[in-house]
Structures are given as structure tokens and as C-alpha cells.
Amino acid sequence: MIYLPSRIFFGANALQNAEAYLIRLGTKPLIVTGKNSAKLSGALDELIPVLKKNNADCAIFDRVQENPSWDTVREGAKFLKDSQCDYLIAIGGGSPLDAAKAMALITANNLIEEDKITPDKFSHTFPLAAIPTTAGTGSEVTQYSVLTDASTGIKAGLGTDLAFPKLAICDPRYTLSLNNTITLYTAIDALSHLLEGIFSNKRQPLLYPLIQAGIDAIMKNLEIALNSPSNIQARTNLMQAALYGGITIAQTGTTLQHSLGYPLTTHFGIPHGLSNGIVLKQVIELYYPYLKPELNNLFLSLNITRKDFEEWLEKFPLKVELELSDEFIESQIPIVLASHNMANNPLTVTAEDIRKIYKNLK
Ligand code: NAP
Ligand code: FE
């Protein structure tokens, strides 16, 4: 089964083509974004005239930080409630997109002051249009909002079909302003999602052509985008791959790979894509005996071997100096084991598997 309720616009005219649908989402949008991305990407400058042309007043909440916290979501939700806005337009990487999804849900369901927020408490939400400015998370077409609880230091995904954006407005020009570090890390996040579409025990052969095309696009275009950041064709191919990754994980979920990465982000500030990248080779190693036909077919379809793939990955600066103490590792094992994504692994992952991967990062 595939469920994909977001209307997707892709390419240089995405906003123009989406205009009629965007305007019909409500009367006054709240634009949700980070400090700079909406402006740097050029998306805000293109959106404002569209809203003006349609006589739509708007409000802006631009305080979403990377790896957004529940505190920020609550602050944004209060802002949304006071603003009289009736729909949201999120502009940015996965962080503003995810924050906007949760802000909409908790405001619509009067849960702003609620401590324990679970998807069963949501019955409706505000419509959301997502305008990605990174080519990574695919959040523009997923039902997930990944948030950090500052009090526990736990980062976790919240998933509900209500959170799917109504519109995904994907214009690769908005990624031209990304620096090389963010270009690399977000592409590795997209690559992880595509691979996790195969790793996951919810894998669906119907998605394999998208997964293959997405991985192929990243392998062929990432270096081009890093060497020539203004190459719009390479940016387009990377954004398409990220979109395919989002479509994929919306169906299959993510796996151990993401569960291992979350603590590295919350405790050491390692960016999301990099946290996936540093564990990727070891995760493939662990999964391979359980997924030989699937992974061999994938590599065959890409006309490469597993070794070629690993050598390609080695070309990129995806290493960090990490001294994980035994105490830290032991404290995180139960958290990793309890994360939702662990239900999707192709084998029963043990505490020892997790311990081994973390120890090897030293
Ligand atoms: P991000 O945290 O949204 O942004 C990273 C940095 O890139 C920020 O400093 C941001 O600036 C900047 N930036 C974004 N677009 C830019 C542009 N066009 N030009 C210049 N700078 C730009 O990064 P992300 O990797 O896209 O998102 C990561 C988050 O998404 C994590 O919390 C991760 O867990 C989550 N995620 C969600 C899903 C899902 O399905 N929902 C899937 C995977 C990951 P500003 O601070 O100004 O915005
Ligand atoms: Fe991710």
C-alpha cells in the first residue's frame, strides 16, 4: 500500500504552478521558517508577491532552530494561535518543516500546554504547504515531525497521517544558496532514506524504481554540486532524489540507522545527515546477511558492487572525532532500542549490536 496525499509541484515554476492551490488553503498563512533560509534561498522573496497579489495578509514565525525542540514548537504554536492564521507555509530545511507540522497539530487540537503529546490526541490540523530549501529530509512529503525534548535530550519522530503537507512546492533553485557542508550532509540524509526503503521490513518493490533512481542521482550528482554549487541540473537531480527519499520513508519508515544517529545529534550537535553518514557502513554490514538478495539487486541495478558504493562514500568527509565513553554508550542503548524506527529493522537488533557500532566510532 502506498499513501501519498501531498500534491507535489517540482521545478523552477513550482510556486507559480502551485499558486491556485496555495491560495485556497485558507485566508491568512503563518510562514514558519528558520533564521536565514527563507531569505537566503530566495523563496520568501518569491512567496510574498504571490500572497500580495491574492490580497492575503500573513504572519511570520522565524525562530525555528536546527533540530527543533518541543519548546520551540510550543512557542510557535502560541504564536499561531494569537496570529489568527488559518494555514501554514513552512520554508526551510527539515527543521522548519517538521516544526510547522507539530505547531499546526498542537494548536488545532488545543494541546499547547499538554505535557505528553501522542498522535492519538490529534483529530485534525491546519493545512500546511511545505517549501523545502535543502535537498535532504523529504519532510515535504512525509507524515513525520522529528523533535527534541530538551528536558530528556531525546530526539524522536512523531508520525500521523494528518501531518502530511497538503502541498509540496519543490524548486531546486532554492537550494543554490546551500554551502557545501549542508549540501553534503543533506544529500547523505536523502541517501539514507532511500537505502532505508530497502533496509526496512516494510520495504515495497513498487518503490524500488524510485529508490534506484534516487541513489543513482545522488551518486552521479553530489560531487558535481559540491564542485560547482551553482549547477542547477545537479541541484535539480539532488532535490528529486530527496523527494524520492521522502516518498519512500513515508511508506517504509526509517531504521536503526536513524535511531543510532539521534543521540549523536542531541548530545554532540552532529548534524542529522552526518549522524546518518557515520554509521551507514556499519549498518549495511549488520543488515547485509539478512538482505543479501535485496542489496545485491540494488547494486546490480545501479551497475556497481557493494565495494564500489563504499569506496564512493569514502570520498566524502563523513568522519568526526568522537570519543564515546562506555557510560554514554550504555546510557543510550535503551533509548535506541526504544525508538519507533526499531520496529522496521530487517533483524532483531540487540544491545550488543548497538554497543559494537558505537564503540567502532571511537
Ligand atoms: P535544517 O536543520 O533544516 O537546516 C540546516 C541549516 O541549513 C540551517 O542553518 C538552515 O538555516 C540552513 N539552510 C537551509 N536551507 C538553506 C538554504 N537554501 N541556503 C542556505 N542555508 C540554508 O536541515 P535539514 O537537514 O534539512 O533538516 C534536518 C532536520 O530534519 C532534523 O531535525 C531531522 O531529524 C529532520 N528530518 C525530518 C524528516 C521527516 O521526514 N520529517 C526526515 C529526515 C530528517 P536556517 O537556520 O536559517 O533555517
Ligand atoms: Fe533523516
Side-chain angles (χ1 to χ4, degrees), residues 6 31-44 61-70 72-73 90-102 128 130-148 154-160 163-165 168 170-197 229 235 238-239 242-243 245-255 257-266 269-277 279-280 339-341:
S6 306
I31 298 172
V32 179
T33 188
K35 218 163 52 198
N36 306 303
S37 50
K39 292 184 204 108
L40 285 179
S41 63
L44 190 63
F61 180 76
D62 62 1
R63 293 199 286 277
V64 181
Q65 75 278 58
E66 290 180 41
N67 307 300
S69 66
W70 273 106
T72 301
V73 167
I91 306 178
S95 297
L97 271 49
D98 284 4
K101 290 175 184 175
L128 167 69
I131 306 184
T133 64
T134 60
T137 70
S139 179
E140 62 276 11
V141 287
T142 74
Q143 68 280 50
Y144 310 121
S145 169
V146 187
L147 301 168
T148 302
I154 295 178
K155 182 175 178 180
L158 182 81
T160 164
F164 275 110
C170 313
D171 186 333
R173 292 178 302 125
Y174 299 154
T175 63
L176 289 169
S177 53
L178 289 170
N179 66 30
N180 272 8
T181 308
I182 302 175
T183 299
L184 171 63
Y185 295 167
T186 48
I188 297 300
D189 188 28
L191 176 69
S192 304
H193 300 159
L194 291 158
L195 285 166
E196 287 173 287
R235 294 288 189 186
L238 290 180
M239 186 169 246
L243 179 66
I247 292 171
T248 299
I249 58 165
Q251 319 306 321
T252 66
T254 56
T255 66
Q257 195 178 329
H258 268 69
S259 307
L260 287 168
Y262 291 151
L264 304 179
T265 297
T266 50
I270 298 186
H272 177 67
L274 178 59
S275 74
N276 280 315
V279 297
L280 177 53
S339 93
H340 301 312
N341 321 7

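All ligand and atom numbering here is 1-based and tracks the order in the structure.
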Numbering the atoms of ligand 1 from 1, which are under 4.0 Å from a heavy atom of [X]?
X    : value
V146 : 34 (O), 37 (C)
S41  : 18 (N)
T142 : 39 (C), 40 (O), 41 (N)
Y144 : 40 (O), 41 (N)
L40  : 20 (C)
Y174 : 18 (N)
K155 : 31 (C), 32 (O), 33 (C), 34 (O)
N36  : 45 (P), 47 (O)

Nearest non-hydrogen protein atom, [atom]:
atom                    : value
atom 8 (C) of ligand 1  : E66 OE2, 3.5 Å
atom 38 (C) of ligand 1 : T137 CB, 3.9 Å
atom 13 (N) of ligand 1 : S37 CB, 3.8 Å
atom 15 (N) of ligand 1 : T133 OG1, 2.7 Å
atom 29 (C) of ligand 1 : S95 OG, 3.6 Å
atom 24 (P) of ligand 1 : G94 N, 3.5 Å
atom 37 (C) of ligand 1 : D98 OD2, 3.0 Å
atom 22 (C) of ligand 1 : L178 CD2, 3.7 Å

Donor-acceptor contact below 3.5 Å, side chain [X] vs main chain [Y]:
X    : Y    : value
D98  : V146 : yes
Q143 : A250 : yes
T265 : I270 : yes
Y262 : S339 : no

Nearest 0.5 angstrom please: [X] [atom1] to [Y] [atom2], how far?
X    : Y    : atom1 : atom2 : value
T248 : L243 : OG1   : CG    : 9.0 Å
Q257 : H193 : CD    : NE2   : 8.5 Å
L147 : W70  : CG    : CH2   : 5.0 Å
T33  : I91  : OG1   : CD1   : 5.5 Å
N36  : S41  : CG    : OG    : 10.0 Å
L44  : Y174 : CG    : OH    : 10.0 Å

- [ ] Name all residues meeting the side-chain hydrogen bond (donor to acceptor under 3.5 Å, both in side chains) criterion together with T142; count only those two or more places apart in sequence or in a different chain, and write none if there are none.
- [x] K101
Task: Residues S6 and E140: side-chain donor-acceptor under 3.5 angstrom - done: no
Task: Any donor-acceptor N or O pair under 3.5 Å, side chains T254, N341 - done: yes
Task: Within-cut-off N or O pair, T175 and ligand 1, under 3.5 Å - done: no
- [ ] Determine the minimum heavy-atom distance between G92 and L97, stating which atoms define it.
- [x] O-CD1, 3.5 Å
[X] contact mode with ligand 1 (heavy-atom cut-off under 4.0 Å):
X    : value
I182 : side chain
T186 : side chain
D189 : side chain
Y185 : neither

Does ligand 1 have an atom under 4.0 Å from some heavy atom of [X]?
X    : result
Q143 : no
Q65  : no
P96  : yes

Open item on the list: Closer than 2.8 Å to the Fe ion (ligand 2), what protein N/O/S atoms do you find?
Closed with: D189 OD1, H193 NE2, H258 NE2, H272 NE2
Task: Shortest heavy-atom approach to atom 44 (C) of ligand 1 - which of K35, H272, H193, R63 - done: H272
Under 4.5 Å between any side-chain heavy atoms of [X] and [Y], yes or no?
X    : Y    : answer
H258 : H272 : yes
L191 : L280 : yes
N67  : T266 : no
L178 : R235 : yes

